[in-house]
Amino acid sequence: MPENKPHRTLTDAASRRRWAALIVVLGASSMDAVDVTVVHIAVPDVQADTGASTAQLQWITGGDALTFALGLITGGRLGDLYGRKKIFLPGVAGSTLTLLMCGVAGNPETLLAWRVAQGATAALMVPQVLSIVHVTFPGHERGKVFGIHGSVMALGTLAGPLAGALLVEGDLFGLGWRPIFLVNLLPLAAAMMAGAGLSMQIPVPRFGRRVGAAGRRTAGRRGHGSVHRSPVITAPTSPCGSPRCHTRAPPQA
């Protein structure tokens, strides 16, 4: 019927925006999944090039998981308060910056500091992914979308060690281990620009705009429960949408 055409056109446009938004957030979160595991393959090369101690190497490979776990709940809360897109895009931008700085780090202290910062930026970005999926897709489509999300995250996690081995052995442009961080700059930058251009009509809940100390304490306790003492990636599916939730952080030196 003619009177239904405008409504159908608007629905089709909204559907295209939803799937475009899904591609953007999955692209960014899959790069984050790769970053979690890619660094482990390059540990010997990082130590040989920078002279990092064993304790520093442990923090380089797992320090990001600590800041990610501590900031995860706060990142999700900020997305609820100020809008998921407004928090997702700075998270992607921060992840891009930290990857660049990790790739050009000249000593282990600088690399360690930027790896810790990388976990904090991921804590802003990752919680928004499942939130955006939840509020932009109707209930009958969420099962399919969450299945796609889980598959993409699993592939990203598995691709990390393979990509790391190829990049280190390939020694691109004589850069040694540095391309393991630099290789993700272009995809993340593309995700950021695409996300900025998308019109994600995502509602912002109306409640107290406050991130309380109790929530931060809870985050610390939950982070302590999910971040343990060994740089090992475990298999179970992460409830927060990132393999960092199961990346066990290093012991203190």
Side-chain angles (χ1 to χ4, degrees), residues 10-11 13-36 64 67-99 117-153 156 184 187-212 215-216 218-219 222-223 237-245:
L10 290 174
T11 301
S15 179
R16 287 194 295 270
R17 284 198 301 270
R18 286 200 302 268
W19 288 101
L22 178 66
I23 292 171
V24 171
V25 297
L26 285 185
S29 58
S30 65
M31 293 299 99
D32 176 72
V34 171
D35 291 333
V36 174
D64 62 324
T67 50
F68 176 79
L70 291 175
L72 181 64
I73 295 176
T74 301
R77 175 67 170 170
L78 290 173
D80 289 338
L81 293 177
Y82 301 109
R84 282 95 182 185
K85 180 179 176 180
K86 290 181 179 179
I87 303 300
F88 174 77
L89 291 179
V92 176
S95 295
T96 304
L97 174 63
T98 54
L99 282 172
Q118 187 180 358
T121 60
L124 292 177
M125 177 179 70
V126 171
Q128 316 316 322
V129 175
L130 293 181
S131 296
I132 288 172
V133 169
H134 185 77
V135 300
T136 54
F137 285 88
H140 68 276
E141 289 184 342
R142 286 179 197 152
K144 175 172 62 178
V145 174
F146 284 132
I148 295 172
H149 173 270
S151 300
V152 169
M153 296 300 292
N184 279 341
L188 283 175
M192 182 173 61
M193 290 186 290
L198 281 175
S199 175
M200 300 180 190
Q201 297 182 352
I202 302 169
V204 179
R206 298 298 181 186
F207 39 68
R209 302 172 83 87
R210 187 167 176 264
V211 181
R216 290 192 294 270
T218 301
R222 292 183 181 179
T237 302
S238 167
C240 73
S242 171
R244 270 195 181 86
C245 288

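Here Ile148 contributes atom CD1 and Met153 contributes atom CE; the two are 14.0 Å apart, rounded to the nearest 0.5 Å. To the nearest 0.5 Å, atoms CG (Leu130) and NE2 (His134) are separated by 10.5 Å. Here the NE2-CG distance, from His149 to Leu26, works out to 6.0 Å after rounding to the nearest 0.5 Å. Here the straight-line distance linking atom CZ of Phe146 with atom CD of Glu141 works out to 12.0 Å at 0.5 Å rounding.
Contacts of Leu124 classified as side chain to side chain contact (heavy atoms under 4.5 Å, CB included), with partners at least two apart in sequence or in another chain: Leu78, Ile87. Listed by chain and number, the residues in a side chain to side chain donor-acceptor pair (under 3.5 Å) with Thr98 amount to none (sequence neighbours excluded). Remark: Ala123 pairs with Phe68 by the side chain to side chain contact (heavy atoms under 4.5 Å, CB included) rule, at least two apart or across chains. Partners of Ile23 under the side chain to side chain contact (heavy atoms under 4.5 Å, CB included) rule, at least two apart in sequence or in another chain, do not exist in this structure. For Ser30, there are no side chain to side chain donor-acceptor pair (under 3.5 Å) partners two or more places apart in sequence or in a different chain.
Minimum heavy-atom separation, Ser95 to Thr121: OG-OG1, 3.2 Å. Closest approach of Phe137 to Arg18, counting heavy atoms only: CZ-O, 3.6 Å. Of all heavy-atom pairs spanning Arg84 and Ser131, the tightest one is NE-CB, 3.6 Å. For the pair Gly75 and Gln128, the tightest heavy-atom approach, listed with the atom from each and the gap, is O-NE2, 2.8 Å. Nearest heavy atom pair, residue Gly156 against residue Val34, reads O-CG2, 3.4 Å. Taking both residues in full, the closest heavy atoms of Trp19 and Lys144 are given as CH2-CE, 3.9 Å, listed atom of the first, atom of the second, then distance.
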